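Below, chain A is the first sequence line, B the second, and so on; all start at residue 1. Since the structure is predicted, the reported quantities are computational estimates derived from the model, not experimental observations.
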Number of protein chains: 2
Amino acid sequence: MPTGNSTSRPPTILDVAHRAGVSKSTVSNVIRGVHGVAAAKRARVLAAIDALGYRPNVLARQLVQRRTTILGVVVGDLGNPFHAEMAKQVERHASARGYRTMFCSTQAEETAELTGIQNLLEYRVAGIIFLAHTGASSGARELIEGVVPSVFVTCSADWGDVVSGDDQRGAEMATRHLIDLGHQRIAYFADPTVEDAADRARQVGYSQAMRQAGLSPIVYYWRHAPDTVVHNNREMPVQDVLRGPRSVTAIFSSNDLGAIELLDVADRLGVNVPDDLSVVGFDDVLMAGLSRINLTTVAQPQEELARQSLATLTARLQGELTGGPVRRTVELELVVRGSTAVPRVVHRKAG
Amino acid sequence: MPTGNSTSRPPTILDVAHRAGVSKSTVSNVIRGVHGVAAAKRARVLAAIDALGYRPNVLARQLVQRRTTILGVVVGDLGNPFHAEMAKQVERHASARGYRTMFCSTQAEETAELTGIQNLLEYRVAGIIFLAHTGASSGARELIEGVVPSVFVTCSADWGDVVSGDDQRGAEMATRHLIDLGHQRIAYFADPTVEDAADRARQVGYSQAMRQAGLSPIVYYWRHAPDTVVHNNREMPVQDVLRGPRSVTAIFSSNDLGAIELLDVADRLGVNVPDDLSVVGFDDVLMAGLSRINLTTVAQPQEELARQSLATLTARLQGELTGGPVRRTVELELVVRGSTAVPRVVHRKAG
DNA sequence: TTGAAAGCGCTAACAT
DNA sequence: ATGTTAGCGCTTTCAA
C-alpha cells in the first residue's frame, strides 16, 4: 500500500533499490521484465515498489533510449464529428499498440499546424499522424521529413505515407447511384472543410461518372456562412441552384456536413428532399443515420482507416517498412437512405 | 537553413555550443531568454541553432525540472459530440496557456480509465482534466490524490476541483418551460451516458420543479439498444411511455443524444413532435440546432467550462489556489426551439 | 558575463 | 545473477 505522502517527491528507482536492498540495475531489470533475476530478489523489489507506490518515470526512460512512444496527432477540428471519430479510433489503436497520443488541433490554420508540429517535435514524438493537413506551403515537410515518419489519413502529402478511402471510386458510386435513378442535372458541391486532395479525387470520380453517362459535370464551391456558392469564379446564392433556371435535381456533396447543411437550406426554401432534390453525402457520420436526416452517403470505414494508419506507422517505426512513401487505399461503400429518389420529371417540365 | 540530414540524430545543445564556440550553459541561457548574454554571443548562438535546425528536447528539460507541462485529459467518448467539443475547447485553452494535452479515452470503462491514468502519471503529467469519470471505485482517487491536481469538468468527484454547469437550475428551467406550456405528465429520461453526479442534479431540479407545480415526477432510465426503459426497477418498451396508458405529453431528457434518439423513436411510432409530444434536451450539441432536429434544450457554455477548468488547474499548479477542492458553477441557458409546444389537450382526452 | 560541474531518473553496457 | 558505471540532453548552482 502506497504511503499517501502528498508532500514528498515521487519515489525513484533508487528509493526502491535501497528499500529492497539491491542495486538500481536489479530494480530496472525487474521493471523491464528481463530474464534472470533471482526469485527472492524479484519479490523483494516488487514489494518495495508496491510499498513506495513507485511509478517509473517514462520521461527519464525515453531520454536515455532516445525515442519516445508518443505519437503526435494533428487534427483539424474535433468539433467536426468525422474528425472526432477518427481521433477516437486513432487513439484507441495507438493505445492498443502501447503508444500514447499527443493531440494538436489546427482549425485548418497553417500557422497553428506549424507551431503544433514544432511542439510535437520538441517532445520527440515517434511519429505523426495527420488527420488533416493544410498543404499550402512546404512548412510541414521541412519540419518533419527525415526527422520522424508521418502518415496522412484521409488527407494527403506526397512526402509521407497515405491511408485513405478510395475517394474517386466512392464518388463514382455516389454519382452513378444518382444517374441510375434517372437524374441528369447533378451538381457536385465542394465543402471547404474537405481536404484538397480528397476533394480533387472525389471531383474526378464524379466528373468521370457524369461524362460516361453523357452528362456534363457542374461543380460548385460552397461557402456556408452566407449560403453562397461559387461557380466558374462567380458567386451566387445556393437557392439559385436549388430552384431557378440553373436548378439541379440532385447534388453530391463532398461530405456529410455539407449535405446536411444542404438539407437545411432545402427545408427552408420548401424544396422537398428527395422528391424535388436528391442529396448524397460523403463520410457517413453518426448524424447521417438519424431518421430525420436519413442521408444517402458514401461510408468511410473509420475503424479500418485508423487500423491501417497505425499499422503503417508502426511498421515504419520498427523498420519493417522502409523506402519511399506508400499509399494504402481502403474500400468505400454506398449507403442508400432516404435522401435520394427518382427525380420528379413532371415537376421539372412544369418548372 | 537546417541540413536535411535524415540519418543523423537530432542536434543537442552541445552541438550548438561547439558550433557557436561557447559553453552549453550560454546556449541554455539564450534558449531560455535569460538576461545578460552578450549580444555578439547571443547572435552566434542563434545562428548556430538555425544552421543546425536545433530543437530543444523538452523531455530532457522537464526531467531536470522535475515537472512537465503536459496535461492529461481523460475523455469518455470522443464519438460523443458533446465530449468531442469539450475536448477541443480544453485542448485550445491548454495550448494557449503553454500546456500540451495527452488524451486518454475510457469508453466509460473503469479499467480503461485506471490504466489510462497510470499512463498519464508515468509521463508525469502536471495535472489531469476529467471530461468524464466513472466514480465506481476509489481507484482513481488512490492513484491521483496528493500526486497531481485534477479538475472534473461536467462530471464530479469530492476529492478534486469541479467545474460544471448549474445542472439543477438548468433542469428546473427545462421542466418549468414544459409546465408553463401546460404540460402535466412530464417524464425525466435518464441517459446512461450522462455522468452520475450530473444526472442526479438534473433529476433534483426536475423533481423540485414538478413538485412545486403540484405534479408528480416520473423518472425513466433509458437503455437505448433495445429501446427499453426502466421504471421502478421494471423494464418496459419506450413506446409504452410515448403511447399507451402510461403515456406522457412531454419528456425532459438528461442529454441531447437521448432526446434525439427519442425523436427518432417518436417518428417511427408516428407520434408527432411537438404536437403529441414535447421533448427537451440538455447540452445543446451542434446537431440540436439543425432545422430537422430543432431541439429545445439547455445549452452548456462549453467554451466557458473549458476556460474555467484551465484557470482552476493552472491556479493550482502555480500555487495560487491551495486548500480543499473548489467547485465552480457556470450558468446554463434554455434554448427554445421547435420540439416543444402546448400540449394537444383534445388529443389527450380523445386518446 | 561566462564556464565547469553536478545532477534529474533512468537504461545499458560492462565488470564481477 | 548482480553491481558499477557511464551517459541520455538538459537546467542550475557555483566559481571564475
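As a whole-Å value, the separation of B:L59 CG from D:dC8 C1' is 10 Å. When rounded to the nearest whole Å, the span between CD1 of B:I31 and P of D:dG9 equals 13 Å. Residue B:K24 contributes atom NZ, which lies 12 Å from atom C1' of C:dC8 at whole-angstrom precision. One can place CG of A:L14 at 12 Å from P of D:dG3, the figure rounded to the nearest angstrom. Atom pair B:Y123:OH and C:dC8:P shows a separation of 22 Å (rounding to whole Å applied). Rounded to whole angstrom, the span from the CD atom of A:Q65 across to the P atom of C:dC8 amounts to 20 Å. Regarding B:R66, its CZ atom lies at a distance of 6 Å from the C1' atom of C:dC8, rounded to whole Å. To the nearest angstrom, P of D:dG7 lies 18 Å from CG of B:N57.
Side-chain atoms of B:K41 and base atoms of C:dT1 include no donor and acceptor less than 3.5 Å apart. Counting distance only, with no hydrogens placed and no angle test, the side-chain atoms of B:S25 and the base atoms of C:dA4 include a donor-acceptor pair under 3.5 Å.
Side-chain atoms of B:E113 come within 3.5 Å of backbone atoms of B:T134 as a donor-acceptor pair (strictly under, hydrogens ignored). Of the possible polar contacts, none joining the A:R42 side chain to the A:A38 backbone as a donor-acceptor pair under 3.5 Å is found.
By the 4.0 Å N-to-carboxylate-O rule, B:D158 lies close enough to B:R141 to be salt-bridged with it. Using a cut-off of 4.0 Å between Lys/Arg side-chain N and Asp/Glu carboxylate O, A:R61 and B:E122 are scored as not salt-bridged.
For A:R124, no side-chain nitrogen or oxygen approaches OP1 or OP2 of D:dG9 to under 4.0 Å. OP1 or OP2 of D:dT12 has at least one side-chain nitrogen or oxygen of B:R32 nearer than 4.0 Å. Here B:T12 does not reach the OP1 or OP2 of D:dG9: none of its side-chain N or O atoms lies under 4.0 Å away. Checking the phosphate oxygens (OP1, OP2) of D:dT12, no side-chain nitrogen or oxygen of B:R61 falls inside 4.0 Å.
With DNA chain C read from its 5' end, the first of the two nearest nucleotides for B:A38 and A:P56 is the one closest to B:A38. Mapped onto DNA chain C by nearest heavy atom, A:N29 and A:P10 fall at different nucleotides, with A:P10 at the one closer to the 5' end.
Across all strands shown, A:V37 has heavy atoms under 4.0 Å from sugar-phosphate atoms exclusively, and none from any base. Using a 4.0 Å heavy-atom cutoff across all strands shown, B:S28 reaches at least one base atom of the nucleic acid. Residue-level contact check: A:V22 touches the backbone only, with heavy atoms under 4.0 Å from sugar-phosphate atoms and none from bases.
When the shell of 6.0 Å around CZ of B:R67 is examined, it contains 12 or fewer heavy atoms from other residues, nucleotides or ligands.
Listed candidates were C:dA12, D:dG9, D:dT2. Nearest to the side chain of A:T26 is D:dT2.
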